[in-house]
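In what follows, every chain begins at residue 1, and chains take the letters A, B, ... in the order their sequences are listed. Being a predicted model, the structure only gives us computed values, none of them experimental.
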There are 2 protein chains.
Amino acid sequence: MGISREEVEQLDRLVVTRKRVRRGENLYYTDDRFHSIYAVRSGFFKSTVLAEDGRDQITGFYMPAEIMGMDGIGTERHACDAVALENSDVCIIPFAKLEEISAKVRGLQRQFHKLMSREIVRDQGAMMMLGSMRAEERVAAFLLNLSQRFVARGYSPSDFNLRMTREEIGSFLGLQLETVSRLFSRFQEERLIDVQQKHIRILNAAGLARAAGQEPC
Amino acid sequence: MGISREEVEQLDRLVVTRKRVRRGENLYYTDDRFHSIYAVRSGFFKSTVLAEDGRDQITGFYMPAEIMGMDGIGTERHACDAVALENSDVCIIPFAKLEEISAKVRGLQRQFHKLMSREIVRDQGAMMMLGSMRAEERVAAFLLNLSQRFVARGYSPSDFNLRMTREEIGSFLGLQLETVSRLFSRFQEERLIDVQQKHIRILNAAGLARAAGQEPC
DNA sequence: CGTTGCGTTGAATAAGGTCAAATAGAGTGG
DNA sequence: CCACTCTATTTGACCTTATTCAACGCAACG
């Protein structure tokens, strides 16, 4: 988007290669030397940071067309672990090449900056959720967020499979897995969603949005 | 750092201008059209995002030499409010110019990318704090983080004035102001810090680090 | 001085966390 | 194909932590 035909040819020079990552494997580890960023082509990832005392926190989930690894640019080492939640494919985008070419191709430079900025805004949204929403609101907002991202990728917004466990959802939301489970059950009782293990159907998106505190009461 | 003499000359073309922002005034508002990023020269800022229902969350505090406004690049509108906590000075860095020149000056491009990446990593650290630390740990970690940032700027690491209220600290940490106040009192009883209103003296940094869960118990 | 905003402290309460037990699936090897 | 195992999930009971509500103190300022 926003780049010309000849610019596209330059893009080919990015010599993007592909890589398979099996479920449970790391795409990269914290402190790994940074060389590339990664575009998810298929599959699902989580990124986790771990504290000195061993606790870890999931800082994001990544689905196709999303970019991972920009955490590594600042220190030239990755600042989190990236783990595949299912068998996945990524494009490896060598960062030195990307910088070189984006210096020539204005549209690419712009796109890349926007991408990084959106990651910042996304994280700030997560901070808002963690800092000022109650458990019920977080879980509702989480489901709506997933829904929106699925629909943007051509999948159903109201019918999808969770790729992560209750514990992983809890880690991302700053809750215990039991709390997540209870809220799923509660939303089901209230006919907002239908839960069948990892399979979620959203029955009442407006109701969920209300539960997320995103609508007038 | 990392840029040559002739590159420095190019930098002058950034035609950086300055701006005063008085205590309580906004440097920018959410949804303001994005044109520039800002380097804090003197003073102190907070950035806040607000939810649909009016609640707001402080997503960061900014002190001299830190950069604000990168949240606006992605959508070309700012995603948060930036408010001065005391009379402050900023450098206005026109973003179009910055992109133009950083395309030519390799060192500048690199520095800018690192800056954005560090902002991502910083936010992920905040997410970890909000998601997986207890109130006591958050407050201790907050004080240590401030201390580190002060010392990096040539101020005392153990003797400083808070520029923000208890309520603002609470908002940033996802706690109520009373909880913050109680923990300050508790740390004082434990001789970890000395609190006199907004004036903080860190008496036992190792003890604080332990309270932050950053050290072996 | 009275006012106002900020900070501290106490008591009661509610929200989530912790612990424990039961259940349900998915995958494995016979 | 079935029994078995292991892990993920659900649910209940109880407990801890932090919030809420309220009162009071303090300092700055007109």
Novice: When you check the gap from the basic side-chain N to the acidic O, do A/Glu178 and A/Arg166 get nearer than 4.0 Å?
Specialist: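 Salt bridge: no.
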Novice: With hydrogens left out and only the distance checked, is there a donor-acceptor pair under 3.5 Å joining B/Arg182's side chain and the base of D/dT20?
Specialist: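 Such a pair exists between side chain and base.
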Novice: So, OP1 or OP2 of D/dT7: does either fall under 4.0 Å of a side-chain N or O from A/Thr165?
Specialist: no
Novice: Side-chain contact test, heavy atoms from C-beta onward, threshold under 4.5 Å: evaluate it for A/Thr179 versus A/Phe184 and give yes or no.
Specialist: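 Heavy-atom side-chain distance check fails, nothing below 4.5 Å.
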Novice: At what angle, to 10 degrees, do the two end axes of the helix from C/dC1-D/dG30 to C/dG30-D/dC1 meet, given five pairs define each axis?
Specialist: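 Its terminal axes enclose an angle near 40°.
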Novice: Test salt bridge (charged side-chain N to carboxylate O under 4.0 Å, His left out) on A/Arg163 and A/Glu168; report intermediate values, then the result.
Specialist: CA-CA 10 Å; A/Arg163 269 69 173 201; A/Glu168 287 166 329; over 6 Å; no
Novice: Between atom CZ in B/Arg55 and atom P in D/dT20, what is the gap in whole Å?
Specialist: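 It works out to 11 Å between those atoms.
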Novice: Phosphate oxygens OP1/OP2 of D/dT11: is one of them under 4.0 Å from a side-chain N or O of A/Ser181?
Specialist: no
Novice: Which residues, if any, of residues 192-205 of chain A bring a heavy atom under 4.0 Å of DNA chain C?
Specialist: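 Within residues 192-205 of chain A, no residue comes under 4.0 Å of DNA chain C.
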Novice: Whole angstroms only, please: what is the CG-P distance between B/Leu177 and C/dG5?
Specialist: 15 Å
Novice: Are any of the side-chain heavy atoms of A/Arg186 and A/Glu136 separated by less than 4.5 Å?
Specialist: yes
Novice: Return the value, rounded to whole Å, for the distance between atom CD of A/Glu167 and atom C1' of D/dT10.
Specialist: 15 Å
Novice: Nearest whole Å is fine: how far is D/dT19 P from B/Leu173 CG?
Specialist: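 Distance check: B/Leu173 CG to D/dT19 P gives 10 Å.
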Novice: Within a strict 4.5 Å, meaning less than it, do heavy atoms of the B/Met63 and B/Glu66 side chains meet?
Specialist: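 In contact.
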Novice: Whole Å only: how far is the CD atom of A/Glu168 from the P atom of D/dA8?
Specialist: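 Roughly 9 Å, once rounded to whole Å.
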Novice: Rounded to whole Å, please give me the gap between CZ in B/Arg138 and C1' in D/dT19.
Specialist: 13 Å
Novice: When you compare the side chain of B/Met116 with that of A/Ile73, does any pair of heavy atoms fall below 4.5 Å?
Specialist: no
Novice: Under 3.5 Å, which N/O atoms of the protein pair with N/O atoms of nucleotides 14-16 of chain C?
Specialist:
unit_1: C/dG16; atom_1: OP1; unit_2: A/Ala135; atom_2: N; d: 2.6

Novice: If the plane angle is over 60° it's perpendicular, under 30° parallel, otherwise tilted; pick one for B/Phe34 and B/His78.
Specialist: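 Perpendicular, since the angle between the ring planes exceeds 60°.
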Novice: Aromatic rings A/Phe172 and A/Phe142: how do their planes relate, parallel, tilted or perpendicular, breaks at 30° and 60°?
Specialist: tilted
Novice: Hey, is the side chain of B/Glu178 pairing donor to acceptor with the base of D/dC21 inside 3.5 Å?
Specialist: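 In this structure, the two groups form a donor-acceptor pair.
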Novice: So, for A/Tyr155 and A/Phe160, is the gap between ring centers shorter than 6.0 Å?
Specialist: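 For A/Tyr155 and A/Phe160, the ring centres are not under 6.0 Å apart.
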Novice: Do the side chains of B/Phe61 and B/Lys46 get nearer than 4.5 Å, heavy atoms only?
Specialist: yes
Novice: A/Asn161 CG to C/dA26 C1': how many Å, rounded?
Specialist: 14 Å
Novice: Quick check: are there more than 12 heavy atoms from other residues, nucleotides or ligands sitting under 6.0 Å from NZ of B/Lys19?
Specialist: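 Not buried by this count: 12 neighbours or fewer within 6.0 Å.
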Novice: Does a nitrogen or oxygen in the side chain of A/Arg166 sit under 4.0 Å from OP1 or OP2 of D/dA8?
Specialist: no
